[in-house]
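Quick note on labels: first sequence line is chain A, next is B, and so on, each numbered from 1.
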Amino acid sequence: MNTQAAPSSAASETVVDIRRLWTVFKNTDGEQVVHRDLDLRIARGEVLSLVGGSGTGKTVLLRQILGLEKPSKGTVEVLGQAPGELSAAGAANVGMLFQHGALFSAFSVLENIAFPLRELKLLPDELIRNAALVKLQMVGLEPRHANRSPADLSGGMIKRVALARALIMDPPLLLLDEPTAGLDPEASDSFCDLLRGLHRELGLTVVMVTHDLDTLFDLSTRIAVLADQKVIASGTAREVIAYPHPFIHEYFLGGRGQRALEALHDRPAPERHAPRPEAGGAER
Amino acid sequence: MPSTTPPADSPAAADVGASPRIESREQDGKRWIVASGRWTTLAMSSPSDWQALAKSLDALPRQDDAAWDLRPIAQLDHIGAQLLWERWHHDWPATLELAPQHKAVLDQVAQYTVGTPEEPPKTLVERLRDFSHNGPRAMGVTRDFVGLIGQLTIDVGRLLAAPHRGPWRDFSGHLYQFGATALHITALVGLLIGVVLAYLISQQLRQYGAETFVVNILGLSLVRELGPVLAAVLIAGRSGSAITAQIGVMRVTEELDAMRVMGIPHGFRLVMPRVLALAIAMPLISLWTSMAALLGGMLAADAALDISPAYFLSALPRAVPIANLWLATAKSAVFGILIALIGCYFGMKVKPNTESLGRGTTSSVVTSITAVILVDALFAVLFKGIGFRG
């Protein structure tokens, strides 16, 4: 698959475009509407966090962006295409970090990372191996971890390997489902640092679902709040918190939110990295 | 690196939609290798583009003194950079012209491309040590299995002492799962085996004019051996694997640990109900399979040898003493206990990962079928004087 749709260099280029999306689940009690006329546009270079209570369809939205689920109504476009049409080279468009890593337990770490490239059955083995090693080290692991099996890894290492696998084909869009869930504070912090560094270096667009307020304030350039079946507010942390809505009040201004906010005031807000005309390259 | 004048007619960098290309050309008495287009994974994942690129890479002159011009490259990602780095045999070329953002990507690839540490091959001593561990391992399996049987005995004693506190709901659920839902498949397989066997035997018997002996041969072989073994093999594949998978998944999801923390013993709650359910279901299924097989044999004998069902039914009790039925029932109960115990054993041994779950299920089925056939042979030797009309 070769997309001829060349990335335009417009600064506000939309990577993910969700229009009038409806998600309806049918169960025994009848219909349950999760999303109603939801609109969301994500521009290149953003780190967008999806925030919402349990059952507001954050993960469902991620799965719809990935094309794993079809919306009941409305359209989702990723890089100008419907996500269901991603084929073998899908990993070159979108990378996904699943909550529990979803590493293939039968493969070693290196084989896991190299898997999407190997499945293309085009590139030479030596190139694939070295490319996987480069990604392994970019996520902060060492070559000696390459031959381990996923069962022998700690939670933080599993996330790193899964991240390396998601990035192996240098996709411009990276989706994260609870990237720091289950990690200790130190591992969470270093994982956030890693994500911030990769976002800057690779010019990634990141969409993230998280309940960890520290991660949220640390990484996001924009926060979108899901409630009442749609995006009720989106903007920087300060803008979102200022929005009057009971859910936002509960979520950010409860005890945990207050503590995380204090931490936020102690440091400057994360700047939004200017989108670059080229994806895939790196800037220093 | 030395600043040199690059080829003047390099293609415009604005050509962003182009597939990756590489070519070599002479300029000012120097050989330049010029790369252009999008050197990205997405572009290379198209087979035609990749093959074109690989061909032109191969066609490049071998000597390493050529100058490289990467400025026409529109996009360069890590895979593209890796491809170049491999072509350069992990070293920078003497003359290289490129855009600064591409330099950064190449720098990163260059920094991180190192050989993987190969696992050193095992020495003879290590192999010997690994092999010598098989002995203790086999003893460990034996010990664990004996422990399981002992635990089962204790649990059954506990159940007898206080029957009202037994896990009866589990028991009836398993009885339904292992027994009632297996009736269709065992009946079908039994019926067909009966038909096949009857036709096979009738061919031989007709040559000697001993057609009526089909009742003896069919009756004895089906009731005494084939019915119980056939049913046990089917149940081992069907319920033995299910038991291992159920308990194994409980291990993976930490349900087993949760039960232990609550003080609920695995043996009493998980193993015993399954063993008892199969110990009761297995003889019934075996009887059912034998009946289906006899029905099939009877119909086939009618069709192939003109032996009427009425004669078949009246001759059957004379040909097959009732002791065979008791033997088959006892044997089946032992098979049932074995299948359930082996299933539980491998389920408990599953480690908390999916690979181990698959391996455990396979071992469970293979081991229980082997055990069934072994025990059947044991029964055949032990009871060789019982149930035959001499």
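Residues satisfying the salt bridge (Lys or Arg N to Asp or Glu O under 4.0 Å) criterion with A/Asp189, sequence neighbours excluded, are absent altogether.
The shortest distance between side-chain heavy atoms of A/Leu117 and B/Thr41 falls below 4.5 Å.
Here the straight-line distance linking atom CG of B/Leu83 with atom CG of A/Asn130 works out to 11.5 Å at 0.5 Å rounding. To the nearest 0.5 Å, atoms CG (A/Leu122) and CG (B/Leu53) are separated by 11.0 Å. For the atom pair CD1 (B/Ile79) and CG (A/Leu123), the distance works out to 7.0 Å, reported to the nearest 0.5 Å. Remark: B/Thr113 OG1 to A/Gln137 CD distance equals 8.0 Å, nearest 0.5 Å.
Smallest separation of non-hydrogen atoms from A/Met169 and B/Asp77: O-OD2, 4.1 Å.
When the heavy atoms of residues 100-107 of chain A are compared with those of chain B, the residues falling under 4.5 Å are A/Ser105, A/Ala106, listed by number.
Under a 3.5 Å cut-off, the side chain of B/Glu86 and the backbone N or O of A/Leu127 do not form any donor-acceptor pair.
The neighbour count for B/Phe145 CZ, taken as heavy atoms of other residues, nucleotides or ligands under 6.0 Å away, is above 12.
Both the backbone and the side chain of A/Ala131 come within contact range of chain B, with heavy atoms under 4.5 Å apart.
Listed by first and then second residue, the salt bridge (Lys or Arg N to Asp or Glu O under 4.0 Å) pairs involving residues 248-259 of chain B are B/Arg251-B/Asp257 (not counting sequence neighbours). Within the structure, every pair that satisfies the salt bridge (Lys or Arg N to Asp or Glu O under 4.0 Å) test and touches residues 133-142 of chain A, not counting sequence neighbours, is listed here: A/Lys135-A/Asp170, A/Glu142-A/Arg144.
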